[in-house]
K.L.:
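The structure follows.
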Amino acid sequence: MKRIAAVQDISCVGRCSLTVALPIISAMGVEACPLPTALLSSHTLFPDPTKYDLTDVLPEITGHWKKIGVTFDGIYTGYSGSVRQLDVISEFIREFRGDGFVFIDPVMGDHGRLYSGFTAEYVAKMAQFCGMADIIVPNLTEACLMLGIDYIGEDYSEGDLKEILRGLTTLGAAKAVVTGVSLERGRLGAAAYDSGSGEYFLCMGDRVEGSFHGTGDIFASVCVGALAKGEALRNAVEQAVRFTCECIKITAGDSRDSRYGVNFERVLHILTE
Ligand code: PXL
């Protein structure tokens, strides 16, 4: 059985980061070991969450992992809180990557804006950190931030996307996937580029109007599970787009507070089939 490390926070309320990564990757038949970077009472779209930073605990955990000789087929990083923490995670990656893949979701913002608490210094550090990855999966906001270009909004061409993807691979990761892209009304998905093979593709699903928090983490988790199982990038992205769309569809009819995330539990069975 394949084993991956999932390096991100635990937000106790508001499905995102480890509370979606662990069940999704497990459902796909891949062992998921959490390396928790922080413990929050909720994610940061709720007001005033409590937060325990776990940066100084990480070397204790990974030091023990070294002693017991655990290895990983992949390392998946998501939301982090600080520049210093990215240095500690970089050290973990250097020590544990072996022959496995490194998958970085540079979680920092959405809808053209940084999440609360993130700075320009963090953006620059994340762009550098992405150089350690084999695959990066920013949304359009994060892609523009890391490339130092203005947010391109909603009105762009396929040529613009290809230019962004090419730019992203110059940060150092051979493969880049940009999420949350739309080239026609009613369709939303991801665009991907592999600088090694030159392969470029788009993968789209039906767009449902509304705001669906945590879907970037769901997309990334399915990609990681599929890649760990040896799927090609195109298959991994197709599976991730399909599953994310199903999560949105099953949630869209609810009268709900979107900050609680999507009802992925109700469609998790798709991944086990
Ligand atoms: O879904 C990304 C995410 C993860 N973790 C925390 C967050 C967010 C986005 O707001 O606040 C703590």
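Throughout, residue positions are numbered sequentially from 1 according to the sequence presented. Numbering of ligands and ligand atoms starts at 1, following listing order.
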K.L.:
Is Ser17 near ligand 1, meaning one of its heavy atoms is under 4.0 Å from it?
P.N.:
yes
K.L.:
Need the ligand 1 atom indices (1-based, order shown) with element for anything under 4.0 Å from a heavy-atom of Cys16.
P.N.:
1 (O), 4 (C), 5 (N)
K.L.:
Can Thr37 and Gln8 be counted as having a side-chain donor-acceptor contact under 3.5 angstrom?
P.N.:
no
K.L.:
For Asp87 and Ser90, which I'm curious about, is there any donor-acceptor pair between the side chains at under 3.5 Å?
P.N.:
no
K.L.:
Students should be able to answer this: which protein heavy-atom is nearest to atom 7 (C) of ligand 1, and at what distance?
P.N.:
Tyr79 CE1, 3.4 Å
K.L.:
Compute the shortest N/O to N/O distance between Asp9 and ligand 1 and return yes if it is under 3.5 Å, no if not.
P.N.:
yes
K.L.:
Quick one: sort the His213 and His43 rings into parallel, tilted or perpendicular, breaks at 30° and 60°.
P.N.:
tilted
K.L.:
What's the shortest distance from atom 11 (O) of ligand 1 to any protein heavy atom, and which residue and atom give it?
P.N.:
Thr44 OG1, 2.7 Å
K.L.:
Do the side chain of Asp53 and the main chain of Thr55 share a donor and acceptor less than 3.5 angstrom apart?
P.N.:
yes
K.L.:
Rounded to the nearest 0.5 Å, how far apart are CD of Glu31 and SG of Cys33?
P.N.:
4.5 Å
K.L.:
Could you list the atoms of ligand 1 found under 4.0 angstrom from a heavy atom of Val107?
P.N.:
2 (C)
K.L.:
If you look at every heavy atom in Thr141 and His111, which pair is closest and at what distance?
P.N.:
OG1-N, 3.1 Å
K.L.:
For His213 and ligand 1, answer yes if some heavy atom of the residue is under 4.0 Å from a ligand atom, otherwise no.
P.N.:
yes
K.L.:
Considering non-hydrogen atoms of the protein only, which is the closest contact for atom 12 (C) of ligand 1, and what is the distance?
P.N.:
Ser11 OG, 3.2 Å
K.L.:
Ignoring angles and geometry beyond distance, decide whether Tyr115 reaches within less than 3.5 Å of ligand 1 through its nitrogen or oxygen atoms.
P.N.:
no
K.L.:
Atom CD1 of Ile75 and atom CZ of Phe101: how far apart are they, to the nearest 0.5 Å?
P.N.:
9.5 Å
K.L.:
Which bit of Asp217 gets closer than 4.0 Å to ligand 1, counting heavy atoms only: side chain, backbone, both or neither?
P.N.:
side chain
K.L.:
Strictly below 4.0 Å, N to O, side chains only: are Arg187 and Asp206 in salt-bridge contact?
P.N.:
yes
K.L.:
Run the numbers for me: atoms of ligand 1, each under 4.0 Å from some heavy atom of Leu40, listed by number.
P.N.:
12 (C)
